[in-house]
Structures are given as structure tokens and as C-alpha cells.
Amino acid sequence: MAVFSKSQVPQFSVDVYQNEYLPEGGREVNAIVTVTSTGGGTTGGAPLRGASASAAAVPDQAPAAGVVIMVDCSGSMDYPATKLRNAREATAAAVDTLRDGVAFAVVAGTHKAHEVYPGGGRLAVADPATRTQAKDALRILAAGGGTAIGTWLRLADRLLSSSDVAIRHGILLTDGRNEHESPEDLRAALDACAGRFTCDARGVGTDWEVKEVTGIASALLGTADIVADPGGLAADFTSMMENAMGKEVADVALRLWTPVGVEIKFVKQVAPTVEDLTGRRTEAGPRAGDYPTGSWGDESRDYHVCVQVPEAAIGQEMLATRVSLVVPAADGGAPTVLSHGLVRAVWTDDMVASTSINPQVAHYTGQAELAQVIQQGLEARKAGDFGGATAKLGRAVQLAAHSGNEDTAKLLSKVVDVVDAATGTVRLKAKVADADEMTLETRSTKTVRVKK
């Protein structure tokens with residue numbers, strides 16, 4: 001369980017946006033759940049959207065965090081030679097960003113994992129001396145060997161578990177495909193590490209596999225991105241470490257309790273990225289289940305909850321689900337409830353009320369479709385199905401324009417020529433740079449919030 005000083009006690013709130021009205025025979029209830037944490041992370045307690053006076057405080061304890069930086073040192077990192085130098089500089093910048101008192105280690109990854117600093121199967125504690133020692137140790141990094149990312153993750157897990165830290169985080173950099181272990185071995189490593197630490201993953205250059213890097217970040221509830229130019233690694237690593245240093249609460253779960261007869265159809269994070277959490281449910285007592293959300297600092301995220309309720313007569317109403325934000329107790333006892341909200345269902349014969357789609361639900365349904373059609377369009381393009389690719393990417397352009405997702409619209413414009421964004425009329429570009437296509441695929445799940 002996460003710990004805090006008296007001057008930094010995060011406050012959590014849960015706000016529910018939905019149209020609770022159903023027509024006669026209606027059974028599907030959709031809601032957007034906005035979770036906001038303020039007062040304990042990177043923004044120094046500045047209010048964020050959705051914060052409320054009724055938010056619950058986390059118990060008063062002391063902070064602790066551990067970070068392991070995993071640097072690809074396979075042979076391909078020597079082509080060009082500046083790539084490994086940029087990786088060293090980026091790792092040094094990340095080390096400089098560590099706060100005093102944070103436990104950390106650096107791992108070199110090839111077809112096996114090697115402790116660069118501090119060694120001995122342990123973590124160092126950040127202070128001026130250990131930061132200097134760690135940066136000195138980076139000089140020994142040399143390129144050679146293959147790539148077996150599962151071994152890097154397993155070593156990071158062992159190192160993080162060697163220290164009594166609440167916030168456990170990894171930063172992983174790779175420039176190539178995971179060719180020296182089977183996909184099953186990588187999946188087994190991810191399954192073993194899931195829930196034990198979070199991890200941000202970065203692909204440098206254009207010779208790595210997007211689905212591998214995004215799959216790592218997805219399984220370990222972190223972020224994924226491309227750094228096409230190795231010269232941008234230092235800035236990216238610094239940003240990742242600053243974000244990690246802002247995390248104050250670990251192992252937060254979205255707990256859904258449902259009455260008898262109610263079925264959960266799906267639970268998805270929809271902002272700041274799309275992430276399907278449905279299959280990650282763990283049972284938490286009668287008719288209750290927990291969905292992992294990872295670690296939190298000062299931030300706000302949105303979740304789409306869809307449930308199926310029993311049929312009811314006009315005029316009846318019921319609680320469709322109770323949403324709670326919880327942190328499990330270290331001793332296996334009762335969890336700490338940070339905040340909660342209710343999703344309701346009310347049956348009405350008012351057609352206007354029952355057919356109105358909540359703006360937040362409509363927006364994020366479109367954002368989830370946007371992520372899906374981008375990925376489908378790029379797959380079709382790779383397979384030579386240019387008609388299918390044009391249709392899917394055209395729909396993506398239309399959705400991006402309608403929702404105001406300008407960043408995604410710009411990325412799409414590097415893959416297609418936009419004739420009419422409003423109707424989704426596009427032409428595939430004859431030539432597309434690998435970096436542009438990989439950037440679009442990697443960032444396809446990034447969303448924007450509902451326009452006010």
C-alpha cells in the first residue's frame with residue numbers, strides 16, 4: 001500500500017457520467033467514470049477536472065518508490081554507433097531526475113540481463129553519491145548479443161522485490177525485435193510481472209516491433225512510445241522519470257459491485273489512452289471484482305463501464321453497479337476505499353430521455369473506435385488490402401476530426417492524403433516513412449477528452 005507524508009495526502013474522487021434512462025425492455029447501461037487524484041503528485045496539489053469536496057484521503061504514511069531502468073545493449077545498438085551513446089546519455093539524465101531516497105538500479109539487456117548498477121541483486125538508494133556512481137557505471141555499456149526482453153523484466157522484478165517499496169516501476173528501452181526468446185516466453189514473463197510493477201516501454205529507431213513494445217506497456221499498465229531519432233532519448237527518459245517520481249499511490253483498483261442479475265459486459269480505460277481491462281478482473285468477494293489501474297500521481301483518467309441489467313417495467317429503477325476506488329491492505333485485510341460512485345438504471349416511456357446518448361459516452365465510444373480502425377487500417381495496408389486500408393483510415397480521419405483529436409489527425413495526414421475530413425474521404429500515400437507509420441500505430445490509442 002502506498003505511503004505519504006502529512007504535507008502530501010492525495011485526495012481521490014469518482015464522478016459518474018451517464019444517461020440512466022432506459023426504454024421498456026432496455027438492458028444495456030453505459031457510464032463514463034472519471035477518477036481524479038490531486039494533492040500528492042506532480043502538480044503540487046493543484047485542482048484537476050472532476051475533483052470534489054467529498055473525495056476520500058489516503059491514510060497518512062511515508063513515501064517509498066523503486067525504479068529499474070532496462071537498457072537494450074544488443075548488437076543492433078551499435079548501428080549507428082551514436083545510438084548506444086544516446087542511450088547512455090538518456091539513462092544518465094533519468095538517473096539525475098531521481099529524487100533523493102528513491103531506490104533504483106540499471107540493467108543492461110541482451111539475450112540475457114546483466115546488473116550494471118549497483119549489482120549484488122539489490123537496489124541503490126538515490127543521493128548525490130549513488131547518482132554519480134551509477135552514471136560512471138554506464139561507461140561500461142557496450143553493444144553485443146541478442147534480445148530476450150523477458151529476461152530483462154524478470155530481473156527487474158527480482159530487483160524491485162528485494163526492497164520494501166510501495167511504488168515499483170520500470171523503464172524499458174529497445175531498438176529491435178525480441179528474437180532470442182519465444183513469444184510464449186515473453187508472455188510468461190509479462191504474466192509473472194503483471195501487478196508486481198508498472199513499466200513504460202520505448203522503441204528507438206524503426207527496427208523494433210510495435211506490438212511487442214505496446215504489449216509490454218499494456219500488460220504492465222505503463223506507457224508506450226516511439227523515439228524515432230535517438231537524439232531525443234534524453235528528453236524522453238527525463239520526462240518518463242519525472243512522471244514516475246510523481247506517482248504516490250500504488251496498486252489502485254477499480255472495484256465494481258453488481259446486484260443479482262447484473263452482468264458486466266466490459267470495463268475499459270478510455271483516457272488518456274484506450275486500454276481494455278475486462279479480462280484482468282480478479283474476484284473481490286460476492287458479486288464484486290477488481291480491475292487494475294496501476295499507480296497514481298496528480299492526474300485524472302476516464303473509464304467506460306458497460307453492464308447488462310435485467311428487464312424491468314416502466315417507472316422502476318435500480319442500482320446497476322457501485323464503483324469504488326480501492327487499495328488492498330498489505331496484510332490481506334479490508335482494503336482502503338478511496339472514493340466511490342453509483343451507476344443507475346431507470347426505465348421510462350419518455351422516448352427523448354431514453355434515446356439520448358450521454359456526451360461523454362458518445363465521445364469515448366468514438367475514441368475507442370478511432371484506435372481500432374487505425375490499427376485495422378494499418379494491418380490492411382501491410383497486407384496489401386489497399387481498399388480496406390483506405391476505408392478504415394478514412395473512417396479514422398473522420399472520427400479524429402469530429403472529436404477534435406488533432407494530434408492523431410496530424411499523424412494520419414502522414415499516411416493518407418485527406419480529401420474531405422468530415423466525410424472521411426482519403427487517398428493512401430504511395431510512400432510512407434517507416435517512422436511515420438510506426439508513430440501512428442504506437443500512438444493510436446491516445447485519446448482526447450470531451451470538448452467543453
Side-chain angles (χ1 to χ4, degrees), residues 41-44 65 67-74 76-100 102 104-109 116-117 126 128 131-132 134-139 141 143 152 156 167 169-176 198-208 210 213-214 216-217 220 222-247 272-273 295 297-299 406-408 410-411 414 433-446 448:
T42 55
T43 64
V67 182
V68 175
I69 305 171
M70 293 161 273
V71 184
D72 192 337
C73 291
S74 60
S76 57
M77 286 292 286
D78 225 5
Y79 302 95
T82 53
K83 194 187 294 182
L84 187 58
R85 185 177 74 238
N86 290 138
R88 286 195 204 99
E89 292 172 352
T91 305
V95 168
D96 276 334
T97 309
L98 288 163
R99 287 198 308 251
D100 283 352
V102 171
F104 76 103
V106 180
V107 168
V116 175
Y117 182 84
R131 282 193 287 268
T132 298
K135 289 184 288 184
D136 288 343
L138 296 176
R139 296 172 185 167
L141 293 183
W152 314 355
I167 305 290
H169 190 70
I171 290 176
L172 185 148
L173 172 72
T174 185
D175 81 322
T198 56
C199 185
D200 294 323
R202 295 294 184 267
V204 60
T206 57
D207 294 326
W208 48 280
V210 171
V213 170
T214 56
I216 291 165
L220 302 181
T223 65
D225 208 347
I226 179 175
V227 185
D229 179 1
L233 279 174
D236 190 76
F237 265 45
T238 299
S239 177
M240 275 194 291
M241 188 62 80
E242 287 174 344
N243 184 62
M245 292 299 94
K247 301 300 183 184
T273 58
S295 301
D298 267 4
E299 58 189 298
E406 296 178 0
D407 289 342
T408 298
K410 289 176 183 176
L411 295 175
K414 296 184 178 181
D434 288 343
D436 290 336
E437 183 174 357
M438 292 174 72
T439 301
L440 175 61
E441 184 177 1
T442 305
R443 299 178 185 173
S444 62
T445 60
K446 293 183 183 294
V448 293

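Small disclaimer: the values here were computed from a predicted structure and weren't measured.
A pairwise comparison of heavy atoms in L98 and A126 identifies CB-CB, 4.0 Å as the closest pair. Pairing each heavy atom of T442 with each of W208, the nearest pair is OG1-CH2, 3.6 Å. Closest approach of L141 to A108, counting heavy atoms only: CD2-CB, 3.8 Å. Of all non-hydrogen atoms in A244 and H169, the two that sit nearest each other are CB-CD2, 3.7 Å. The shortest non-hydrogen separation linking M245 to V67 is CE-CG2, 3.8 Å. Pairing each heavy atom of A65 with each of V102, the nearest pair is O-CG1, 3.6 Å.
I216 contributes atom CD1, which lies 7.5 Å from atom OG1 of T174 (distance to the nearest 0.5 angstrom). Within the model, atoms OG of S295 and CD1 of I167 stand 4.5 Å from one another, a figure rounded to the nearest 0.5 Å. Rounding to the nearest 0.5 Å gives a distance of 4.0 Å between CE of M241 and CD1 of I171. Atom NZ in K135 sits 3.5 Å away from atom CG in D96 (nearest 0.5 Å). Between L138 atom CG and R85 atom CZ the span is 14.5 Å, to the nearest 0.5 Å. Here the OG1 atom belonging to T439 is positioned 10.0 Å from the CG atom belonging to D434, to the nearest 0.5 angstrom.
In this structure, the side chains of V95 and I69 come closer than 4.5 Å at one or more pairs of heavy atoms. Residues D72 and W152 form a side-chain contact, since some pair of their non-hydrogen atoms from C-beta on lies under 4.5 Å apart. Proximity of E299 to P272: side-chain heavy atoms (C-beta onward) are nowhere separated by under 4.5 Å. Contact check for R443 versus L411: side-chain heavy atoms found under the 4.5 Å cut-off.
Exactly one residue among L84, N86, L173 makes a side chain to side chain contact (heavy atoms under 4.5 Å, CB included) with P230. That residue is N86.
A salt bridge links K83 with D175: the distance from a Lys NZ or Arg NE/NH1/NH2 to an Asp or Glu carboxylate oxygen falls below 4.0 Å.
A side-chain donor-acceptor contact under 3.5 Å links S444 to the backbone of E441. With hydrogens and angles disregarded, a donor-acceptor distance shorter than 3.5 Å links the side chain of T132 to the backbone of P128.
Side-chain atoms of R202 and T223 form a donor-acceptor pair, as typed in the model, at a separation below 3.5 Å.
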